[in-house]
Chemist: 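Take this structure first; my questions come after.
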Amino acid sequence: MTRPARRTALLCALTAATTLLPAAPVQAAGPRSPLRFTACPDSVPRPAAPERVECGRLTVPLDWRQPRGPRIEVAVSRVRASGTPAERRGILLVNPGGPGGSGLPYAVTKRAKLPESVRRAYDVIGFDPRGTGRSTPVSCGPMGGLFDSPGGDPVPVGPAAERTYLRSLRAMADDCAAHAGRLLPYLSTEQTASDMDAIRAALGEPRTSFLGVSYGTYLGAAYTARFPHRVGRMVLDSVVGPWDWYDFDVRQSRALLRQRDTFFAWAAGHFGLGETPAEVRASYLRVRRGLAARPVAGFGTAEFDRAVYRALGRTERWAGLAGGLRGYLADGGVDALRPAAAFDGPESRTYEAANRVVKCADGPGPSPREIVADIRRTRRADPQPVLTGMEASTCAYWHHRPGHRTPLGSPAAPPVLLVASAHDPVTPVEGARAMQRLLPGSALVTLDDDYSHGVFASRGNACVDGTAAAYLVDGTVPAANVRCPGPGLPAPK
């Protein structure tokens, strides 16, 4: 629901008592860039005239600890600042999340949503992190049957199903080793953070400003740990907590249970699924049981859970999910549930492979015993959970064992601005609070009464966007954490 504008103004006014970060240099410094920009591939959208996007490739070491060893290429995109030289604040690298997400188009798509003052101040720099997109994309082949259609039930029930589940995780790890074995140690977040600094140096900039969303926040925190004195201004939106990836995945799976209960209550009485949350849940389970017994054109329980996982993360997708459930119950069709992009397409295959390879390179994995215990514990909370996001489980069988956890945060870095949605199920808000403790002097902006993943320049909230823009452009750091009034749940229709 909409909150009074007066309250928004009052909450935003709380940021008035602030500190100021030093202004970033107006002019780029350093030697001529080794990055040569030319036309972008067709996969990168074109911004509205008169602005234009350009792309280049940067050669970096496969292993930054062996800078004279084998090298790989990182694809980079740029849309220049639209303001005057006096308004320029440097470069703003952007990352959309993942791990596994392509960032080359993000310089255009995210920039289009940024406040005008930010677009005028920064050259927005996108890049495909190593292992993704056009930056040495990684393949894990069949990934233990992940792309089978229909896939196996992703929620094992009983010892026999649990053993089958663990065998599929081992097969996935074996496939990744067979197809990407030499790359496994080097597609880590730490190595990507060094690639970011190489982009900074190639562009002749003394500092890196950064906007990271979801996994991008973890990448940004890794950059602050490795290069604290080269951090300019950094916005970390929808923050991944500073835990091992497997522990994060477990926390996310529990948050999804809360979010799905909220969805059941929201849909009750409006979509023909039941008049109460319990009745909506019963309709949901009827759909899933039906697909388990008889998949429809390759759409079974694994495909259903992936659709639910995606929909629960953004409330604007809830009506589509409710309509898809209703459609199946009416005529047995799944067209409204099936995503537009094929799960086994090239981009998806790269994403899913890079996701596991990065997570397993970033730190230790769980034990098989721990995986089974956590699934049983989650099923005691709800017998039919959504385990789609438990990607780091395969790290239990990974062929490369990283020697240490990814360092995150640094007291030597300048203050960072963290942004979170109060009820985000994908990156629960407790992750932002935990990350803030690793970034002294930083401030947290929370969008209250909001249930979606991705906030700054995404939810259209003037309080959030204004606070983040003032930080990026003027260096204004809120003196205390900020609470912004959120939109509430959308009207069911």
Side-chain angles (χ1 to χ4, degrees), residues 100 140 142-176 245-260 263 281 284-313 321 324-325 328 334 337-339 341-344 348-349 351-353 355-356 359-360 365-366 368-397 425-426:
C140 281
M143 294 190 71
L146 181 67
F147 303 106
D148 291 352
S149 178
D153 194 321
V155 181
V157 179
E162 290 165 352
R163 289 192 293 271
T164 299
Y165 181 82
L166 293 177
R167 283 196 296 270
S168 72
L169 297 177
R170 182 188 291 275
M172 180 182 290
D174 290 346
D175 284 341
C176 286
W245 276 114
Y246 176 77
D247 294 336
F248 169 80
D249 290 350
V250 171
R251 290 170 185 263
Q252 183 192 81
S253 71
R254 309 276 165 79
L256 285 167
L257 295 180
R258 297 190 293 270
Q259 185 85 333
R260 193 178 60 181
F263 166 77
R281 176 185 172 85
Y284 171 96
L285 294 175
R286 195 155 64 249
V287 173
R288 198 181 189 283
R289 284 194 299 267
L291 292 170
R294 185 173 297 178
V296 179
F299 193 93
T301 53
E303 293 74 19
F304 176 77
D305 281 5
R306 280 197 294 268
V308 171
Y309 177 86
R310 179 181 181 274
L312 289 179
L321 174 59
L325 297 173
Y328 175 86
V334 297
L337 291 170
R338 193 189 299 272
F343 182 63
D344 63 350
S348 176
R349 284 178 176 271
Y351 177 92
E352 298 296 335
N355 180 282
R356 274 67 171 192
K359 285 190 171 185
C360 296
R369 185 186 300 272
E370 186 179 0
I371 293 169
V372 171
D374 281 323
I375 290 174
R376 291 176 179 177
R377 192 174 297 114
T378 301
R379 290 197 66 249
R380 285 196 293 272
D382 189 304
Q384 194 59 69
V386 178
L387 302 181
T388 299
M390 296 284 293
E391 296 116 345
S393 296
T394 195
C395 304
Y397 299 100
V426 181

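Residue numbers start at 1 and run along the sequence shown. Keep in mind the model is a prediction, meaning the values are calculated, not measured.
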Chemist: With rounding to the nearest 0.5 Å, note down the distance linking CG in Leu312 to CG in Leu256.
Modeler: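 Nearest 0.5 Å value for the CG-CG distance: 6.0 Å.
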Chemist: Could you give the distance from CZ (Arg254) to CZ (Arg377), rounded to the nearest 0.5 Å?
Modeler: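 The distance works out to 6.0 Å.
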Chemist: Nearest heavy-atom pair of Asp305 and Pro385: which atoms, and what distance?
Modeler: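 Result for this residue pair: OD2-O, 4.2 Å.
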Chemist: Take Glu370 and Asp247 through the test side chain to side chain contact (heavy atoms under 4.5 Å, CB included) and record every step on the way to the result.
Modeler: CA-CA 11 Å; Glu370 186 179 0; Asp247 294 336; 4.1 Å; yes
Chemist: If you define the side chain from C-beta out and look only at heavy atoms, does anything of Leu146 sit under 4.5 Å from Arg356?
Modeler: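 Heavy-atom side-chain distance check passes, below 4.5 Å.
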Chemist: Disulfide (SG to SG under 2.5 Å) for Cys360 and Cys395? Distances and angles first, verdict last.
Modeler: CA-CA 5 Å; Cys360 296; Cys395 304; 2.0 Å; yes
Chemist: Does the pair Glu162 and Arg376 meet the rule for a side chain to side chain contact (heavy atoms under 4.5 Å, CB included), with working shown?
Modeler: CA-CA 10 Å; Glu162 290 165 352; Arg376 291 176 179 177; 2.7 Å; yes
Chemist: Starting at CD1 of Ile375, measure out to OG of Ser393 and round the result to the nearest 0.5 Å.
Modeler: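 One gets 6.5 Å once the value is rounded to the nearest 0.5 Å.
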Chemist: Got a second to check how far Arg286's CZ is from Tyr328's OH, nearest 0.5 Å?
Modeler: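 Taking CZ in Arg286 and OH in Tyr328, the distance rounds to 10.0 Å.
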Chemist: Tell me, which pairs form a side-chain hydrogen bond (donor to acceptor under 3.5 Å, both in side chains) where one or both residues lie in residues 142-154, sequence neighbours left out?
Modeler: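 For residues 142-154, and leaving out neighbouring residues, the side-chain hydrogen bond (donor to acceptor under 3.5 Å, both in side chains) pairs sorted by first residue read Asp153-Arg288.
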Chemist: Using a 4.5 Å cut-off on heavy atoms from C-beta on, say whether the side chain of Thr301 contacts that of Pro150.
Modeler: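 No. Closest side-chain heavy atoms not under 4.5 Å.
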Chemist: Once you round to the nearest 0.5 Å, how far does OG1 of Thr394 lie from CG of Leu166?
Modeler: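 One gets 10.5 Å once the value is rounded to the nearest 0.5 Å.
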Chemist: Quick one: list whatever passes side chain to side chain donor-acceptor pair (under 3.5 Å) with Arg281, sequence neighbours left out.
Modeler: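 Residues passing side chain to side chain donor-acceptor pair (under 3.5 Å) with Arg281: Asp382.
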Chemist: Can you see which heavy atom on Arg338 is nearest to which on Val296, and at what distance?
Modeler: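 That closest heavy-atom pairing would be NH2-O, 3.4 Å.
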Chemist: Donor-acceptor pair, Gln259 side chain versus Pro425 backbone, under 3.5 Å?
Modeler: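 No; judged by distance alone, with no hydrogens or angles, the pair does not exist.
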Chemist: Contact between Val308 and Leu321 at the side-chain level, heavy atoms closer than 4.5 Å - yes or no?
Modeler: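 They are in side-chain contact.
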Chemist: Are Leu325 and Tyr284 close enough, and set up right, to give a side chain to side chain contact (heavy atoms under 4.5 Å, CB included), and what steps lead you there?
Modeler: CA-CA 7 Å; Leu325 297 173; Tyr284 171 96; 4.2 Å; yes
Chemist: Does Ser348 use its side chain to pair, donor to acceptor, with the backbone of Asp344 at less than 3.5 Å?
Modeler: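 A pair under 3.5 Å: no.
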Chemist: At what distance, to the nearest 0.5 angstrom, does CG of Asp374 lie from CZ of Arg369?
Modeler: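 If we round to the nearest 0.5 Å, Asp374:CG and Arg369:CZ are 13.0 Å apart.
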Chemist: Can you confirm whether or not the ring centre of Phe343 sits under 6.0 Å from the ring centre of Phe147?
Modeler: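 Aromatic pair counts; centres sit under 6.0 Å.
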Chemist: Around atom CZ of Arg379, are there more than 12 heavy atoms from other residues, nucleotides or ligands closer than 6.0 Å?
Modeler: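 For Arg379, atom CZ is crowded (more than 12 foreign heavy atoms under 6.0 Å).
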Chemist: For the side chain of Asp175 and the backbone of Gly144, is there at least one donor-acceptor N/O pair under 3.5 Å apart?
Modeler: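 Confirmed, Asp175 side chain pairs with Gly144 backbone.
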Chemist: Between Glu352 and Cys140, is there a side-chain heavy-atom distance shorter than 4.5 Å?
Modeler: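 SC-SC contact between Cys140 and Glu352 ruled out.
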Chemist: Any idea which heavy atoms bring Ala392 and Pro366 closest together, and the distance?
Modeler: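 Reported closest heavy-atom pair: O-CD, 3.6 Å.
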Chemist: Any heavy-atom pair between the side chains of Glu303 and Val334 that's under 4.5 Å?
Modeler: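 Sidechains of Glu303 and Val334: no contact.
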Chemist: Using the rule given for side chain to side chain contact (heavy atoms under 4.5 Å, CB included), can you reason through Tyr246 versus Ile371, listing the C-alpha separation, both sets of side-chain angles and the distance that settles it, and then say yes or no?
Modeler: CA-CA 9 Å; Tyr246 176 77; Ile371 293 169; 4.0 Å; yes
